[in-house]
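One structure is given here, and the rest of the page talks about it.
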Amino acid sequence: MNVDRELEQWRSEWQRRPTDSLDIDALMAKTRRRARQEKFLAAIESLSGVMVIAACLATATIFQLHALERAVFIVLAAAAGGFTLWAFQQRRRYWRHLPMDAHTLLKLERRRLHDRLRYWRVSVWVVSAIWLLTLSAAGTSHVLEADVADNWLASAVGVMIVLIATALWFIVVRKQTRQRLKKLEALDLS
């Protein structure tokens with residue numbers, strides 16, 4: 001009888017303590033909301049990617065360009081196409097969700113956060129490659145004394161601005177992701 005009283009006392013004390021229990025319904029609602037967000041972002045990115053590819057290919061075929069400049073635009077179209085497909089595949093992995101338990105939801109959220117970091121890291125590398133490509137095109141045009149050397153230099157400056165913005169945003173995303181991963185770790189421990 002003594003043991004039962006101690007057990008009941010321990011239970012009542014434990015139930016009175018505030019706990020950071022995992023709200024599975026809230027986590028599932030957040031997962032569904034993020035899935036809708038991923039679909040929307042995938043549509044925007046795909047549309048933007050198709051527009052960039054079309055602009056690069058139109059520039060390469062319509063205008064009278066040097067063979068190297070034409071090649072640069074074709075490479076830019078291929079890079080934009082590859083990145084667009086890769087980004088679409090990354091986002092598509094989170095569209096369908098079956099009912100999950102708490103552990104699976106936390107695992108999914110961790111994977112999504114790690115993929116978000118990878119997405120922005122790849123974005124920085126792709127924009128860096130495009131910047132180097134436009135910078136080399138500007139240098140080549142300058143050496144060949146082409147009329148469009150200044151246009152390529154202006155493009156390189158514009159891409160450099162995009163590169164700086166992308167790198168700064170990657171720093172912000174990395175900080176946010178680390179904070180969210182710490183919160184998920186605390187939830188997982190509870």
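None of these values were measured; they are calculated from a predicted model.
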So which heavy atom on Arg174 is nearest to which on Leu117, and how close? CA-CD2, 3.5 Å
I'd like to know if Val127 and Val172 are part of one continuous hydrophobic network [Ile/Leu/Val/Met/Phe/Trp/Tyr, side-chain heavy atoms within less than 4.5 Å]. yes
Would you indicate whether the side-chain heavy atoms of Thr134 and Trp152 approach each other to under 4.5 Å? yes
Same cluster or not: Val122 versus Leu132, using hydrophobic residues (I, L, V, M, F, W, Y) connected whenever any side-chain heavy atoms lie under 4.5 Å apart? yes
Residue pair Gln89 / Leu85, side-chain heavy-atom distance below 4.5 Å: no
Quick one: pull up CD1 in Ile62 and CG in Leu57 and give me the separation to the nearest 0.5 Å. 10.0 Å
Within this structure, what is the CH2-OG distance for the pair Trp131 and Ser155, rounded to the nearest 0.5 Å? 13.5 Å
If hydrophobic clusters are built from ILVMFWY residues whose side chains come within less than 4.5 Å, do Leu153 and Leu133 share one? no
Flag the pair Thr140 / Leu144 as yes when at least one side-chain heavy-atom distance between them is below 4.5 Å, and no otherwise. yes
Less than 4.5 Å apart, any side-chain heavy atom of Arg110 and any of Leu181? yes
Quick one: list whatever passes side-chain hydrogen bond (donor to acceptor under 3.5 Å, both in side chains) with Trp120, sequence neighbours left out. none
Of Phe170, Phe83, Trp125, the residue whose pairing with Tyr119 passes ring-ring contact (aromatic ring centres under 6.0 Å, His included): Phe83
Starting at OG1 of Thr166, measure out to CD1 of Ile171 and round the result to the nearest 0.5 Å. 11.0 Å
If you compare all heavy atoms of Val124 against all heavy atoms of Ser128, which two are closest, and at what distance to 0.1 Å? O-OG, 2.7 Å
Glu109: partners by salt bridge (Lys or Arg N to Asp or Glu O under 4.0 Å), with sequence neighbours left out: Arg34, Arg112
Would you check if Leu113 and Gln176 make a side-chain contact, meaning some heavy-atom pair closer than 4.5 Å? no
Would you check if Arg180 and Arg116 make a side-chain contact, meaning some heavy-atom pair closer than 4.5 Å? yes
Do Val162 and Trp169 land in one hydrophobic cluster if side-chain heavy atoms of ILVMFWY residues count as linked below 4.5 Å? yes
Taken to the nearest 0.5 Å, the spacing of Glu38 CD from Glu45 CD works out to 8.5 Å
Do Met51 and Trp86 sit in one hydrophobic cluster, given that two such residues count as connected whenever their side-chain heavy atoms are within less than 4.5 Å of each other, even indirectly? no
State, with a plain yes or no, whether a side-chain heavy atom of Leu108 is found less than 4.5 Å away from one of Arg111. yes
Closest heavy-atom pair, Val52 versus Ala80, reported as atoms and distance to 0.1 Å, is CG1-CB, 3.7 Å
Where is the tightest heavy-atom contact between Leu76 and Cys56, given as atom of each residue plus distance? CB-SG, 3.8 Å
What one should report as the nearest heavy-atom pair of Arg91 and Ala42 is CD-N, 3.7 Å
At their closest point, which heavy atom of Ile53 faces which heavy atom of Gly81, and how far apart are they? CD1-CA, 3.3 Å
